Amino acid sequence: MRTNTRRGAGLVLKFSLLMIILVILIVAGVAVPLMLQMIPREQRMLAEGLRNRAGILLESVASRAAEPIRTGVSGYVAVSAFPAEKSAMPGEALSMTISGPGDPERPGVPANEDPVDRDYLWATNDPSLAATTFEIAQQQVSDARLDRTKVAVIARSVNDAAAAKLRGMPDDAAAIEKALQAVAADEGSGHTGSVLDFDPDHLESTYLFYRPLVTRDQEGNYFAGLVRLTVTTDVVRGQVTEAMNTMVTTTGLVALIAVAMGVVGAIILANIAITPIGRLVKAVSAIRDTEDKSELKEIPVGARDEIGTLAETVNEMTAGLVSAAIAEKEMLVGRAIQKQFLPLEIATDGEKGSTGGVKTSDIDLYAFYEGAAKVSGDYFDWQKLDDRYYAIMKCDVSGHGVEAAFIMVEVATLFLRWCREWKGRLADLARIRDTKEQERVRQELLRLDTLVYTINDMIFDRGFEKKFAAFMMCLYDTKSGLVTMCPAGDNKMYYFDRSRGCMETRKIPSGGPAAGQFAKKYLDEKKIGYPGIEQQLDPGDVLVLFTDGFQEARRQFRNAAGAIVKCDAPGLKEHEDHLGTHEFNNDYEEMNVGRILGVFDAFFGKGVYRLERNHLPQPEELVFDFSGCSDSLEEAVLALVAVERVYRTYRDPQTGPKDRITLERKVDQYLRKHFKQYEKYFNQQESVEQPGEYVTISNVKEDIQEDDLTVVLLRRQ
């Protein structure tokens, strides 16, 4: 239950994080574009308002100050009051300055004043200009932002424009005055400007707005002076910042509310999902922990959504596991039944093991069998026919599974029937009086091809597609040591020659095809038969029979990281042989006959065998010391089995305690005694004992056993 609670909390956290991320992305996706649009728009609107307010204030002051300035000295007092009107723009208008014509009666002012030189200080509240006491209409305005040259340009432009508009007016004082007011308004507005250029999208900290005073004096000049207004954009920028902060605050509040709602929804959604998922976890844990999968039950989830669909899928998988478990039980029963046909010893658990043999004063036989699948096609047996002869069969049916096992059982049945009939014919021989007939019957008893043809016809007539049996049928004469063999599909025989102290290979050029490939009629027409061969065994010689499961045992090529790689030996072409164990560009190599013969050479010679594996990321040493072995065929068989097992064994950087292999106890004990690197490969952790004849070793991996393994040794006493 603690496990389920932890997983539920994890799911809530994941859903909550997902909701938070989604809400933040959605809110940000909506709010950020809005802010990017609204903030510049807000700034532009506020800036335009600032410019409009400045323009209105300038227009108001300019329209009212023009008349007092035109009246001369009497207008000083009235004009001096106008700068205070900057209060109409509190916080924005910094100062206002009004300039006009100089007073020619005052010292420092030219008597004959220039018509455009009308930029004498009349009134101001600019601290930089009013820092000291000044004389009205006597001091020239000194402002670098709008110097006298720029003012002169404005003055000439105003005079020229106004004169042009009023030229040709009738000599009517009222009409002229009305027209002058219109011209004053137009030219005042037309020559209004700012320093710096006012851009609502890119505001500077301060601006100087100006507007000319337009009237008409007695000399016919229209430019009477300037109104300067210095403003700051701090208020506007503060309002923009405040608006931005308000939007950010509002967006954050909305996001927090949405996140809170999302988290609540995530918790509800997670809890809705956790209950059926918890049932699924419990059921899947039961699948994992149940040893006998046939006892598994359906998951009562009850949901009708995707989780319910998942539960149905798991239930279907469970049903498949139950069916597979039942089938596996049946296959195990089939495997046990299949082993009943083999001369294997009974293990301590009451079942047949993997080895068996017979040893008397005139014969020594020992064998090993391990199927790759639950049921398989390898078969071997020996039968004592009389006090002199033994019949020995070693057979390998192609493929695995039920079909191969079925053929194997039929081969075993035919072999046993042939042995019974042989004994019957031998009994009949004693009743025959004619010596020629006795010899004919005796020769018939030595013929093995009749059984081979019978097996061939049986497999061919069954009609199994691509099924055949490669086998060696032997008749061993314990008195003379002569082995008569009839091979079907085997083209070589192997034996240990004691006199020479090494393994020998004998080719069988006349060996017939594997049984079941062709009908007997075809074999007769092509004159393809199953002729027998003979091999004389001297005392101590050992006949070695094995199926191709040993020579075709595979190990994958792997790099230092444990990944499977291919042979890339330089100088080779596609499918070209490399080292006699594999082809170029293959990702595996086979054990091959050379290694098998090498094992037996080392064993029978009481020597050392060094197992070489190719394309390794790092050099290794795999040494088997057989110097302390006895002469028993059991140890000889175990030598080959042990080397084959080590051949497929490996460790890589990902190997851990959960990686395990199962060894037969007697093989494990043999490896402990004779494999020098046992501690490195098979003793990384304490072995996990299993009931019966097997032991499980952790922290080690092995490549798959692709085929059945069968080896039979016969030694002449």
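Nothing here was measured: the structure is a model prediction, and the numbers come from that model.
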Participant: For His615 and Cys567, indicate whether the former's side chain and the latter's backbone hold a donor-acceptor pair under 3.5 Å.
Facilitator: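 Checking the backbone N and O of Cys567 against the side chain of His615, no donor-acceptor pair under 3.5 Å is found.
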Participant: Is it true that Tyr678 and Asp668 share a donor-acceptor pair across their side chains at a distance under 3.5 Å?
Facilitator: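 Result is yes, a qualifying pair exists.
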Participant: Quick check: does any side chain N or O of Gln556 sit under 3.5 Å from a backbone N or O of Asp703, one acting as donor and the other as acceptor?
Facilitator: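 Not at all, since once roles are kept as given, no pair shorter than 3.5 Å links the two residues.
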Participant: Quick one: does any side-chain atom of Asp708 pair with a main-chain N or O of Gly377 as donor and acceptor, under 3.5 Å?
Facilitator: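 Here the side-chain-to-backbone pair exists.
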Participant: How about Tyr588 and Arg554: does a side-chain donor come under 3.5 Å of a side-chain acceptor?
Facilitator: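 Side chains of Tyr588 and Arg554: pair found under 3.5 Å.
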Participant: Side-chain donor-acceptor pairs under 3.5 Å in residues 466-474, sequence neighbours left out?
Facilitator:
| residue | atom | partner | partner atom | Å |
| --- | --- | --- | --- | --- |
| Lys467 | NZ | Ser398 | O | 3.1 |

Participant: Phe682 ring centre to Arg672 NZ or CZ under 6.0 Å, with the angle to the axis within 45°?
Facilitator: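 Judged by the rule, Arg672 and Phe682 form no cation-pi pair.
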Participant: Asp457: what forms a side chain to side chain contact (heavy atoms under 4.5 Å, CB included) with it, not counting sequence neighbours?
Facilitator: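 Side chain to side chain contact (heavy atoms under 4.5 Å, CB included) check on Asp457 returns Asp461, Lys520.
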Participant: Sequence neighbours left out, what passes salt bridge (charged side-chain N to carboxylate O under 4.0 Å, His left out) with Glu439? Give chain and number order.
Facilitator: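 Partners of Glu439 by the salt bridge (charged side-chain N to carboxylate O under 4.0 Å, His left out) criterion, ordered by chain and then number, come out as Arg442.
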Participant: Where the side chain of Tyr670 meets the backbone of Glu635, is there a donor-acceptor pair that is under 3.5 Å apart?
Facilitator: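 The answer is yes, because a donor-acceptor pair under 3.5 Å joins these two groups.
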Participant: Would you please name every residue forming a side chain to side chain donor-acceptor pair (under 3.5 Å) with Arg425, sequence neighbours left out?
Facilitator: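 Partners of Arg425 under the side chain to side chain donor-acceptor pair (under 3.5 Å) test: none.
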Participant: Under the 3.5 angstrom rule, does the side chain of Trp422 hit a backbone N or O of Leu445 as a donor-acceptor pair?
Facilitator: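 Pair found, side chain donor or acceptor close to backbone of Leu445.
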Participant: In terms of the angle between their ring planes, are His674 and Phe626 parallel, tilted or perpendicular, with boundaries placed at 30° and 60°?
Facilitator: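 Tilted.
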Participant: Run the salt bridge (charged side-chain N to carboxylate O under 4.0 Å, His left out) test against Arg648 and tell me which residues pass, sequence neighbours left out.
Facilitator: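 Glu644, Glu702.
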Participant: Among all residues two or more places apart in sequence or in another chain, which pass the ring-ring contact (aromatic ring centres under 6.0 Å, His included) test with Phe518?
Facilitator: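 Applying ring-ring contact (aromatic ring centres under 6.0 Å, His included) to Phe518 gives Tyr522.
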Participant: Tyr366 vs Thr355, test: side chain to side chain donor-acceptor pair (under 3.5 Å). Steps then yes/no.
Facilitator: CA-CA 7 Å; Tyr366 205 82; Thr355 58; 3.2 Å; yes
Participant: Quick one: side chain to side chain donor-acceptor pair (under 3.5 Å) partners of Gln551, sequence neighbours excluded?
Facilitator: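 Per chain and number, Gln551 pairs via side chain to side chain donor-acceptor pair (under 3.5 Å) with no residue.
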Participant: Got a donor-acceptor contact below 3.5 angstrom from the Gln669 side chain to the Lys666 backbone?
Facilitator: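 No: the side chain of Gln669 does not pair with the backbone of Lys666.
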Participant: Just grab all the ring pair (Phe, Tyr, Trp, His ring centres under 6.0 Å) pairs involving residues 440-460, residues at least two apart or on different chains.
Facilitator: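 Residue pairs passing ring pair (Phe, Tyr, Trp, His ring centres under 6.0 Å), neighbours aside: Tyr453-Tyr530.
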Participant: Please evaluate residues Asp381 and Gln383 with respect to the criterion side chain to side chain donor-acceptor pair (under 3.5 Å), reporting the C-alpha separation (whole Å), side-chain torsions for both, the decisive distance (0.1 Å), and the verdict.
Facilitator: CA-CA 7 Å; Asp381 197 2; Gln383 293 291 319; 3.3 Å; yes
Participant: What pairs with Asp364 under salt bridge (charged side-chain N to carboxylate O under 4.0 Å, His left out), at least two apart in sequence or on another chain?
Facilitator: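 Arg715.
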Participant: Who are the side chain to side chain contact (heavy atoms under 4.5 Å, CB included) partners of Thr581, not counting sequence neighbours?
Facilitator: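 Side chain to side chain contact (heavy atoms under 4.5 Å, CB included) list for Thr581, sorted by chain: Leu579, Glu589, Asn592, Arg595, Asn614.
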Participant: Within the distance-only criterion (no hydrogens, no angle test), does the side chain of Asp625 pair as donor or acceptor with the backbone N or O of Ser627 below 3.5 angstrom?
Facilitator: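 Flag set: sc Asp625 to bb Ser627 pair under 3.5 Å.
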Participant: Name all residues meeting the salt bridge (charged side-chain N to carboxylate O under 4.0 Å, His left out) criterion together with Lys566; count only those two or more places apart in sequence or in a different chain, and write none if there are none.
Facilitator: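 Scan of Lys566 (salt bridge (charged side-chain N to carboxylate O under 4.0 Å, His left out), adjacent residues dropped) gives none.
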Participant: Keeping to residues at least two apart or across chains, list the side-chain hydrogen bond (donor to acceptor under 3.5 Å, both in side chains) pairs with something in residues 537-547.
Facilitator: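 Non-adjacent pairs meeting side-chain hydrogen bond (donor to acceptor under 3.5 Å, both in side chains): Asp378-Thr547.
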Participant: Quiz question: by atom type and distance under 3.5 Å, do the side chains of Glu370 and Ser354 form a donor-acceptor pair?
Facilitator: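 No.
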Participant: Could you tell me whether a side-chain N or O of Lys394 sits under 3.5 Å from a main-chain N or O of Tyr379, the two making a donor and an acceptor?
Facilitator: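 Side chain of Lys394 to backbone of Tyr379: no pair is present.
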